[in-house]
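All remarks here apply to the structure that follows.
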Amino acid sequence: MMQSFIPPNRTLMGPGPSDVPERVLQAMARPTIGHLDPAFGGMMEQLKAMLRDGFMTENQLTFPVSAPGSAGMETCFANLVEPGDEVIVCINGVFGGRMKENVERMGGTAIVVENAWGAPVDPTLVEAAFAANPKVNLLAFVHAETSTGVRSDAKALCEIAHQHDALALVDAVTSLGGIELRVDAWGIDAIYSGSQKCLSCPPGLSPVSFSDAAAKRIAARKTKVRSWFLDLSLVMAYWQGDGARTYHHTAPVNAMYGLHESLLMLHEEGLQNAWARHADMHQLLKTGLEELGLRFVVEEPYRLPQLNAVAFPDSLKDEASIRRELLEVHNLEIGAGLGALAGKVWRIGLMGASASEANVDLCLTALRDVMARHQAI
Ligand SMILES: *Cc1c(COP(=O)(O)O)cnc(C)c1O
């Protein structure tokens with residue numbers, strides 16, 4: 001017999017989604033209203049203002065794309081890349097690889113700067129790529145590479161791009177709300193994030209923001225954006241038409257209530273306090289993981305507090321069965337390795353509401369229990 005789906009009660013400490021606070025879930029359960037209702041428009045204006053605060057930007061062109069982080073990524077590339085453009089793409093993990101794929105699908109040429117998985121993007125290599133390719137007009141990189149747990153120096157990379165008259169496009173899906181991120185001060189021209197990582201909202205929305213220089217580049221395009229849905233010239237008539245918003249697509253109304261509530265919680269906590277909480281919980285987790293004999297994959301200065309990649313001990317043969325036990329016995333989800341790190345690491349997330357002492361305690365207790373049963377400690 002078919003019946004309602006009641007999800008199990010999990011603690012989410014993987015690479016996203018993160019734990020969603022009751023407050024956000026309750027906001028999403030409020031009555032649906034029309035997406036052109038003035039009351040909805042008022043809520044959206046607040047949401048955009050809070051997003052600007054989260055990104056630390058004055059950019060007018062700041063709003064949530066109605067789809068997950070990957071759609072924010074495509075929005076940036078679809079609007080900023082034209083056929084024939086040359087783009088420097090930095091790859092040090094899975095998500096940089098997706099950026100290259102995006103550039104090519106938009107008809108651009110990707111000039112790849114490769115760094116080892118687990119290492120940050122090396123600015124000297126980016127500098128060399130610009131020197132060798134004077135036509136490049138866009139630099140793309142991932143600020144917080146979730147596949148490896150690495151933070152790259154976004155400020156330094158944006159400076160290099162601007163020295164070469166290029167714009168800087170940044171993946172901040174995992175960084176927004178979790179670590180220092182300053183869109184205006186660092187000169188980021190296009191940025192996308194996601195609702196389900198350090199914002200602790202369910203998946204499905206992708207905050208984006210564009211500088212005036214990026215908006216000007218988009219307005220001066222010679223060719224139409226290849227995606228109708230993601231074409232900012234159309235989308236903006238919907239999100240920005242003050243008092244006269246015109247229908248483009250039907251916004252996911254209740255999902256927006258959720259993002260509004262999670263941004264309100266961030267606003268109440270204070271952005272810098274949220275960064276500090278992620279850093280503190282990371283220290284607590286790190287001490288416990290090292291006591292269990294687990295080694296971090298990333299060198300200390302480049303580690304993301306919100307995504308802890310640890311190599312599991314050689315004594316453990318079947319890492320997947322341990323993760324399954326964590327889930328089945330302790331209702332705890334942690335992440336597996338991705339791409340080149342598949343089968344080699346665990347990725348323990350401390351994102352948003354998941355960055356709490358209770359979660360760190362649960363994670364360490366559960367790991368100790370399961371690893372002891374597998375005689376790994
Ligand atoms: C999760 C993630 C994405 C993709 O976001 P989705 O919401 O899964 O589409 C992109 N980039 C990074 C760095 C991520 O961590």
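Read the numbers this way: they start at 1 and go in the same order the structure lists the ligands and their atoms. Note that this is a predicted model, so its numbers are computed, not measured.
- The backbone N or O of Ala119 sits less than 3.5 Å from a side-chain atom of Asn92, completing a donor-acceptor pair.
- Listed by number with element, the atoms of ligand 1 under 4.0 angstrom from any heavy atom of Ser70 are 4 (C), 5 (O), 6 (P), 9 (O).
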Derivation and outcome, salt bridge (charged side-chain N to carboxylate O under 4.0 Å, His left out), residues Arg277 and Glu269: CA-CA 10 Å; Arg277 175 170 50 82; Glu269 178 177 21; 2.7 Å; yes
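- By the 3.5 Å distance cut-off applied to N or O atoms, Gly69 is counted among the residues near ligand 1.
- Side-chain atoms of Asp122 come within 3.5 Å of backbone atoms of Thr124 as a donor-acceptor pair (strictly under, hydrogens ignored).
- Ligand-side atoms of ligand 1 in range of Thr146: 12 (C), 13 (C), 14 (C), 15 (O), range being under 4.0 angstrom from any heavy atom.
- When hydrogens are left out, the protein atom nearest atom 14 (C) of ligand 1 is Lys197 NZ, 3.1 Å; that is the closest non-hydrogen contact.
- Counting only heavy atoms of the protein, atom 11 (N) of ligand 1 lies nearest to Asp171 OD2, 2.7 Å.
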Criterion side-chain hydrogen bond (donor to acceptor under 3.5 Å, both in side chains) on Glu325 and His330, from CA distance to verdict: CA-CA 7 Å; Glu325 263 180 63; His330 295 277; over 6 Å; no
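- Among all protein heavy atoms, the one lying closest to atom 3 (C) of ligand 1 is Phe95 CE2, 3.4 Å.
- At a 4.0 Å heavy-atom cut-off, ligand 1 does not touch Ser206 at all.
- Residue Gln196 approaches ligand 1 through these ligand atoms, each under 4.0 Å from one of its heavy atoms: 6 (P), 7 (O), 8 (O).
- Proximity to Ala144 (heavy-atom distance under 4.0 Å) selects the following atoms of ligand 1: 13 (C).
- Taking a 6.0 Å sphere around NE2 of His267, one finds it holds 12 or fewer heavy atoms contributed by other residues, nucleotides or ligands.
- The distance criterion of under 3.5 Å between nitrogen or oxygen atoms is met by Thr174 with respect to ligand 1.
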Show me the side-chain donor-acceptor pairs of residues 127-136 shorter than 3.5 Å, one per line, residues at least two apart or across chains.
residue: Glu127; atom: OE2; partner: His164; partner atom: NE2; Å: 2.9
residue: Asn133; atom: ND2; partner: Ala129; partner atom: O; Å: 2.9

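- Counting heavy atoms closer than 4.0 Å to ligand 1, residue Glu145 contributes nothing at all.
- Annotation: the span from Ser354 atom OG to Glu333 atom CD amounts to 9.5 Å, rounded to 0.5 Å.
- Applying the salt bridge (Lys or Arg N to Asp or Glu O under 4.0 Å) rule to Glu180 yields the partners Arg182; only residues at least two apart in sequence or on another chain are considered.
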